Amino acid sequence: MLTVRELESGYGEMQVLWGVNLDVREKSITTVLGPNGAGKSTTLKTIFGILKPWSGTVEYIGENVTNMPPHKKVELGITLVPEGRHLFPNMTVEDNLIMGAYLKRAEDRLEDSLDLVYTLFPRLKEREKQKAGTLSGGEQQMLAIARALMTSPNLILMDEPSQGLAPKLVKEVFETVLKLKEEGLTILLVEQNVFASLEISDYAYVLHEGKIAFGGSVDEVRESEEIKKAYLGV
Amino acid sequence: MAFVEQLIANLLYGAILGAVYGLATMGLSLIFGVLRIVNVGHGAFIMIGAFTAYWMFTLYGISPVLSLPLAMAAGMIIGVAVYLVVVKRLVDAPELATLLAMFAIGIFIEEAAKQIWGANYVGYSWEIGSISLPFTEIPYTKLVAFISSILIAAAVYVWFRKTKLGKAVRAVVEDREGALTCGIDVNKIYALSFSLGIGLTVLSGVLVTLFTPVGINAYMGGEYTLKAFVIAVLGGLASPWGAFYAGFIFGLIENGSYTLLGLIPGVEPFGLTRFVSFVVLMLVLLLKPTGLLGGE
């Protein structure tokens, strides 16, 4: 579904990605693991187009989307749940969700999408009229995922959804990600939480200093002691 | 008694003028809120609005009220042009670059206006009578300016709260990256906000002429740039509503202090009112740096 080849990018003069290759299959959960500073977030930001790729290609269902701006990618069905959530703090929960359905394609399905996210996250329904900035960390993460769902996506890029959450909530977030896959969505996940993310993933890549050091099925990653020791610190 | 009456009358004038000040600052705050660009050329756009009102009135006898939509449209077109030609390339540039660019645009517009319209002060007088209150008389022209300012500010408010595009502008203000993930074309929102901001500024220039009937000149804008900065900071800088309310407060301070300062023998009150305004600004910055209505 998503094919990334020799992707290079960075910030200003500083190169972070040095030729990333990865494939995401339809209706799977693919996780990119790696230590801090390996370029995990940069990979997602470059795929989504918040950062401009320096070279390499990104293909989505056979279409070259390498230099496509983010709003066009959302139109195609790709969205990002950014690190740090990036909600609209002074807008209500409901308005945050409605903003997710900004594009025509998503707006046409507004009611269905709202039903879906309120079924998935009944807490958000309770807090519908509350400002997003007043929610707890866990609720904010739920809202960030829910807002992404409102865009009617096929592929969701998720940047550290468990970051800063208590263990119980981490579990809840990962269960939600699994549910999304069961709904037919494809997920490219970036995580520091190795065990929990391998638990739900189908494929995994290990990113090391801006390059893919290893990739394969989850079982292959689990069994490869070398990789665990070298890159994951477990 | 005479003093109290004079104070009340001046505060009333302050509120009326304050509404126009508020409206004249909304564009500045909108542009800063969305694009993080300080429009130091603000006054030049007010001047364009003032000349629009002047020429429409003297050439065609069109009342300033009817010049309002015209000025808004002209301002929005100028805004889009400035955005596409200059600002678009500088959105991600360091603040100093945009500051200098806006400064240059302001000077360019002023000098162009001087070439076209000359350097003399001009004016027009729109006589529609006045209303008599027990303690003072208020010309209808000022009431028109007051009511127009409030209605226009309210319309902008409703546009931001209720329309899809208005909400998208707010989303970009609150979180640019979040807006990108919703599929909002941030560049389009930047262009729209800049154009709206300039449109509102030019429009407010029309209303300004109702207070300075003979003060229209290519360089008249400087004073308004200065006042708009004070008002914008009072209002929390990034919020158009904050700016509108702060305009009221500024108008009241300016006119209220005028009366009070006039009581001191040997003091020339007009020059000192500006001093008082800036003292208030400094106090606000000391005590509540996010602005009187800041925090949101």
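Just so you know, these numbers use all the heavy atoms, side chains as well, and skip hydrogens, waters and symmetry mates. In what follows, every chain begins at residue 1, and chains take the letters A, B, ... in the order their sequences are listed. Not measured: the values here are computed from a predicted model.
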Item checked: Region of B:Arg170 that comes under 4.5 Å of a non-hydrogen atom in chain A -> both

Checklist line | Structural part of A:Lys45 lying under 4.5 Å from a heavy atom of chain B | finding: side chain

Checklist line | A:Tyr118 six-ring face occupied by A:Lys125 cation (under 6.0 Å, within 45°) | finding: yes

Next item on the list: Answer yes or no: does atom CD of B:Glu95 have more than 12 heavy-atom neighbours from other residues, nucleotides or ligands under 6.0 Å?
Entry: no

Item checked: Residue among A:Gly49, A:Pro89, A:Pro153 with most heavy-atom pairs under 4.5 Å to chain B -> A:Pro89

Item checked: Residue A:Leu87 versus chain B: region with a heavy atom under 4.5 Å -> backbone

Next item on the list: Report yes or no: is the cationic atom of B:Lys164 (NZ for Lys, CZ for Arg) closer than 6.0 Å to the six-membered ring centre of A:Tyr102, at no more than 45° off its axis?
Entry: yes

Check: On the ring face of A:Phe88, is A:Arg147 found with NZ or CZ under 6.0 Å from the centre and within 45° of the axis?
Finding: yes

Notebook entry, point to check: If you count heavy-atom pairs under 4.5 Å between each of B:Leu180, B:Thr181, B:Val173 and chain A, which one has the most?
Noted result: B:Thr181

Next item on the list: Flag the pair A:Ser162 / A:Glu191 as yes when at least one side-chain heavy-atom distance between them is below 4.5 Å, and no otherwise.
Entry: yes

Next item on the list: Give the ring-plane orientation class for B:Phe248 versus B:Phe146, where under 30° counts as parallel, over 60° as perpendicular and anything between as tilted.
Entry: perpendicular

Item checked: Heavy-atom pair count under 4.5 Å with chain A, highest-scoring of B:Ala168, B:Ala171, B:Ala179 -> B:Ala171

Note to self: Shorter than 4.5 Å, heavy atoms on both sides: which option in B:Lys188, B:Glu177, B:Lys167 has the most such pairs with chain A?
What the structure shows: B:Glu177

